[in-house]
Undergrad: 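For reference, the structure I am asking about is given below.
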Amino acid sequence: MASLVGAVLSGLTGDPESWTQRLGEIAPDLIEEIHERKQPSTGLPDLEVDGRAVLRFAPNPNGPATIGSVRGIIVNSEYARRYHGEFIIRFDDTDPKTKAPMLDAYTWYLDDCEYLGTVPDRVVYASDHLLEYYEYAKKLILMDKAYVCTCPRDEFKRYKDAKEPCPHRDADVDANLKHWGQMLDGGYPEGGAVLRIKTDIKHKDPAMRDWAAFRIVETPHPRTEIGDRFRVWPLLDFESAIEDHVLGITHIIRGKDLMDSEHRQRYIYEYLGWQYPKTLHWGRMKIHEFGRFSTSAISEAIADGTYSGWDDPRVPTLRALRRRGITAVAIRKFMIDLGIAETDISLSLDNLYAINRKIVDPAANRYFFVWDPVRIEILDAPSMVATPKYHPERDELRKIPAGSTLSVCRTDIEGLEAGDKLRLKNLYDIEIASIEPLVARCIGGTHGAWCATCEKPRYQILHWVPDEHVPVVVRAPDQTYGGIGEAGIVDEVGNIVQFERFGFVRIDSVDAGRVVAYFSHR
RNA sequence: GCUCCGGUAGUGUAGUCCGGCCAAUCAUGGUGGCCUUUCGAGCCAUUGACUCGGGUUCAAAUCCCGGCCGGAGCACCA
């Protein structure tokens, strides 16, 4: 349509301003259309959908969902929802050895999906379908599109790099059928043979040349129903190619590291006369806060005690974010806003935190938590009960009885001198009498009760905790904070609260009077 | 080495397919102010970008070529 605009404009003379003016006179609808097309959009772009939409997320359950997996779950499920289609979780658990599946992870993935608000319409286990894969392998062998290769890896690599066929490439169908049978029956040791898909050994892209589809793995599969029933396992490109077709996947949306995988798989689709799903890829994602990470590296660090588990706040898993009180709504919005650009991105979790803060702030009760506490004696302290609000927008009050000794953050009194004045929030103003020992004197009237008309604070406002308190530890990604908090915190287990002047935390547990909180964000 | 992608403010992102009200959207961050008996919250203001060089065109962020930079694949991992 816009080309029509060009046709109109090219027939005009004069300055550009008069052109558009002229166009407005001749064809105002075109002007409107230009406006429309340039409207900014947000979130995920529209998909080309022909009939129904079936999408999948296909993790190897060799660990729990990481931030990267979460992107896959959310983007795919969001599209399925948008087009009233189907969302499938498919466990690509066909490597019992190098990246062996972890039984717990299967459950964790499904649990994480539920947390994210997207229960999959179907759950599929690739390891249930070995016999089906064998069928297709046989079919391809019969078509002379696959062959058994017994070259050692580096020897095949030499052939491949030289664009030359290995000696097994030209074996006839009968020989391949026989050797394939031997693979299945244990006639070759682990590493002794692979089944390769015939592509084009002279293909300009070395990644395409006769790729391996099956190999022998003697390690039993961790799923007990599978165990040691199979010794020939498909590789991703084969397994995924078959599954995507069988499941009727219409759109594959995943990281662009699997871009070449598509080209390899297309050979199978071509041989079998299938139509490949539409594909979309997003670029590499790097999170500032976590740097480079791999599931296996985290696994090791957990094993040696560096991390407390898969939900340690320092670990980039969804389980960790959940424990920290990052809501599903925030995570979804965060991922959807990222879109699916192919650009490699390197981003900070600040965006996620900002989204979460807006969600969590209206509901989170406020509490005093004093980290690195130091006791301060108050002379002339009136005996009183402070009544700060649970939330600045609401009228419910909490009650904190204050005695003549209180605790405040060490950093708040550092650098102060005798004579300096401070306001203790919802209590009274004090004047430092001496630093060593730390003593202050109550000055002015009390203003412990909440009142909208109280005089404006004249001094820096500090939060504090009375002698009657509970020990609190806050586990944050960067460090663990030890301190004390007001007693009411123990009633907030499972909730997200704000520790004033500290940040939002999720109260995780109370064990023998000791509170454990997980840090969300500022 | 071969091959495939990508490059818009500090960070993400919209616009790129189909060139034209694009001196370029939104968010986050930075800065300043206001508000507040917490705050890095809220409100207001402000800051800041089309990777470079050629070409095509009346017109280029958008199309073409080349360079530079970044990422990925070339596994008997997924």
Side-chain angles (χ1 to χ4, degrees), chain A residues 1-3 5-6 9-10 12-13 16-17 19-21 23-24 31 34-35 37-43 45 58-60 62 92-95 97-99 149 152-153 156-157 160-161 163 190-196 203-209 211-217 233 235-237 239-240 255-261 263-264 281 283-284 286 288 295-296 334 337-339 341-348 350-355 357-358 361 366 368 388-389 392 423-427 447 450-451 454-457 459 461-463 498-504 521-522:
Chain A
M1 279 304 136
S3 57
V5 179
L9 288 177
S10 58
L12 295 171
T13 50
E17 272 182 35
W19 293 356
T20 37
Q21 203 177 5
L23 181 62
I31 295 267
I34 291 166
H35 275 286
R37 194 134 21 80
K38 289 293 185 181
Q39 281 312 305
S41 70
T42 46
N60 174 9
N62 64 333
D92 278 357
D93 55 349
T94 55
D95 173 15
K97 190 184 177 187
T98 317
K99 288 185 181 169
C149 170
R153 295 181 205 219
F156 181 81
K157 183 172 163 50
K160 185 195 69 181
D161 289 344
K163 298 186 180 182
E190 186 168 291
V194 294
L195 185 77
R196 293 189 180 280
H203 197 290
K204 62 174 180 169
D205 182 351
M208 295 303 131
R209 299 174 199 155
W211 49 271
F214 287 86
R215 84 299 211 185
I216 296 165
V217 182
W233 287 87
L235 284 133
L236 169 82
D237 285 320
E239 174 268 326
S240 183
K256 72 174 179 183
D257 49 316
L258 259 15
M259 242 173 188
D260 286 339
S261 191
H263 296 121
R264 281 191 288 265
H281 300 93
R284 201 186 70 139
K286 198 167 118 192
H288 293 330
T295 305
S296 47
F334 176 72
D337 284 353
L338 279 187
E342 282 183 26
T343 327
D344 300 317
I345 56 176
S346 171
L347 72 170
S348 151
D350 281 348
N351 269 274
L352 175 62
Y353 296 155
I355 297 167
R357 184 154 44 229
K358 287 189 177 79
D361 179 65
R366 270 56 175 169
F368 289 158
K389 284 183 164 187
R423 169 163 293 186
L424 296 173
K425 192 175 183 233
N426 300 99
L427 200 60
H447 33 263
W450 173 269
C451 72
C454 277
E455 58 175 315
K456 296 217 170 212
Y459 317 121
I461 300 159
L462 262 49
H463 67 292
Q498 189 195 52
F499 284 167
E500 295 196 23
R501 301 181 66 222
F502 182 77
F504 291 90
H521 43 71
R522 285 299 190 188

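Here is the naming used below: chain letters follow the sequence lines, and residue numbers restart at 1 for every chain. Worth knowing before you read on, the calculation uses all heavy atoms, side chains too, and leaves out hydrogens, waters and symmetry mates.
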Undergrad: With rounding to the nearest 0.5 Å, note down the distance linking NE2 in A:His203 to CE in A:Met208.
TA: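 Spacing of NE2 (A:His203) from CE (A:Met208) equals 6.0 Å.
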Undergrad: Grab the two heavy atoms, one from A:Pro392 and one from A:Arg366, that are nearest each other, plus how far apart they are.
TA: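 That would be CD-NE, 3.7 Å.
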Undergrad: Please state the C1' separation for the pair B:rG19 and B:rG42 - nearest whole angstrom.
TA: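 Between the two C1' atoms, the distance is 43 Å.
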Undergrad: Provide, to the nearest angstrom, the distance between the CD atom belonging to A:Glu500 and the P atom belonging to B:rU36.
TA: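 The distance from CD of A:Glu500 to P of B:rU36 comes to 16 Å, rounded to the nearest Å.
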Undergrad: Rounded to the nearest 0.5 Å, what separates atom CZ in A:Arg153 from atom NZ in A:Lys160?
TA: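 NZ of A:Lys160 is found 12.0 Å from CZ of A:Arg153.
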Undergrad: Establish, for the pair A:Arg196 and A:Phe156, whether the NZ or CZ atom is under 6.0 angstrom from the six-membered ring centre and no further than 45 degrees off its axis.
TA: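 Yes, a cation-pi geometry.
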Undergrad: Could you tell me which residues satisfy side chain to side chain donor-acceptor pair (under 3.5 Å) with A:Asp95, sequence neighbours excluded, listed by chain and number?
TA: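 None.
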Undergrad: Using atom P of each nucleotide, how far apart are B:rU51 and B:rA60 to the nearest Å?
TA: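 Those two atoms are separated by 15 Å.
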Undergrad: For the NE2 atom of A:His263 and the CH2 atom of A:Trp211, what is their distance to the nearest 0.5 Å?
TA: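 Answer for the NE2-CH2 pair, A:His263 versus A:Trp211, is 13.5 Å.
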Undergrad: Show the distances under 3.5 angstrom between N or O atoms of the protein and N or O atoms of nucleotides 28-32 of chain B.
TA:
from   : atom 1 : to       : atom 2 : distance (Å)
B:rU28 : OP1    : A:Lys358 : NZ     : 2.4
B:rU28 : O4'    : A:Asn351 : OD1    : 3.2

Undergrad: In chain order, what residues pass the side chain to side chain contact (heavy atoms under 4.5 Å, CB included) check against A:Ser348, with sequence neighbours excluded?
TA: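 Expected list: A:His288, A:Glu289, A:Asp350.
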Undergrad: Distance between the P atoms of B:rC22 and B:rG6, in whole angstroms?
TA: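 So the two P atoms sit 26 Å from each other.
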Undergrad: With rounding to the nearest 0.5 angstrom, report the SG to CG distance, A:Cys149 to A:Leu195.
TA: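 The SG atom of A:Cys149 sits 9.5 Å away from the CG atom of A:Leu195.
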Undergrad: What is the distance, to the nearest angstrom, from the NZ atom on A:Lys204 to the P atom on B:rC2?
TA: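 One finds 13 Å between P of B:rC2 and NZ of A:Lys204, rounded.
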Undergrad: In this structure, how many angstroms lie between the C1' atom of B:rU11 and the CG atom of A:Leu338, rounded?
TA: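 Distance check: A:Leu338 CG to B:rU11 C1' gives 11 Å.
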Undergrad: Calculate the interatomic distance between A:Trp211 atom CH2 and B:rC2 atom C1'; express it in whole Å.
TA: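 To the nearest whole Å, that distance equals 20 Å.
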Undergrad: Taking atom P in both B:rG29 and B:rC21, compute the distance separating them and give it to the nearest angstrom.
TA: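 Rounded to whole Å, the distance is 31 Å.
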Undergrad: Can you tell me, in whole Å, how much space there is between the P of B:rG40 and that of B:rU31?
TA: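 My reading of the P atoms in B:rG40 and B:rU31 gives 11 Å.
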Undergrad: Could you run through nucleotides 69-78 of chain B and give me one letter per nucleotide, 5' to 3': B if any protein heavy atom sits under 4.0 Å from the base, S if only the sugar-phosphate is that close, - if neither?
TA: -BSSBBSBBB
Undergrad: A:Leu424 vs A:His463, test: side chain to side chain contact (heavy atoms under 4.5 Å, CB included). Steps then yes/no.
TA: CA-CA 6 Å; A:Leu424 296 173; A:His463 67 292; over 6 Å; no
Undergrad: Rounded to whole Å, please give me the gap between CD in A:Gln498 and C1' in B:rG42.
TA: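 Nearest whole value for this atom pair: 12 Å.
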Undergrad: Quick one: the dot-bracket string of RNA chain B, using Watson-Crick and G-U wobble pairs with both distances under 3.5 Å, [ ] for crossing pairs and | for bases paired to another strand.
TA: (((((((..(((.......[.....)))((((((.......))))))...(((((..]....))))))))))))....
Undergrad: What distance, rounded to whole Å, do you find between the two P atoms, one in B:rG30 and one in B:rU16?
TA: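 The same atom, P, in both gives a distance of 31 Å.
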Undergrad: Check side chain to side chain contact (heavy atoms under 4.5 Å, CB included) between A:Leu235 and all other residues, then give those that pass, not counting sequence neighbours.
TA: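 Counting only residues at least two positions away or on another chain, A:Leu235 forms a side chain to side chain contact (heavy atoms under 4.5 Å, CB included) with A:Ala212, A:Arg215.
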Undergrad: Expressed in angstrom and rounded to an integer, what is the separation of A:His281 atom NE2 from B:rC5 atom C1'?
TA: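 Between C1' of B:rC5 and NE2 of A:His281: 10 Å.
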Undergrad: Side chain to side chain donor-acceptor pair (under 3.5 Å), that's the test. Do A:Thr295 and A:Asn62 meet it? Break it down for me.
TA: CA-CA 8 Å; A:Thr295 305; A:Asn62 64 333; 4.7 Å; no
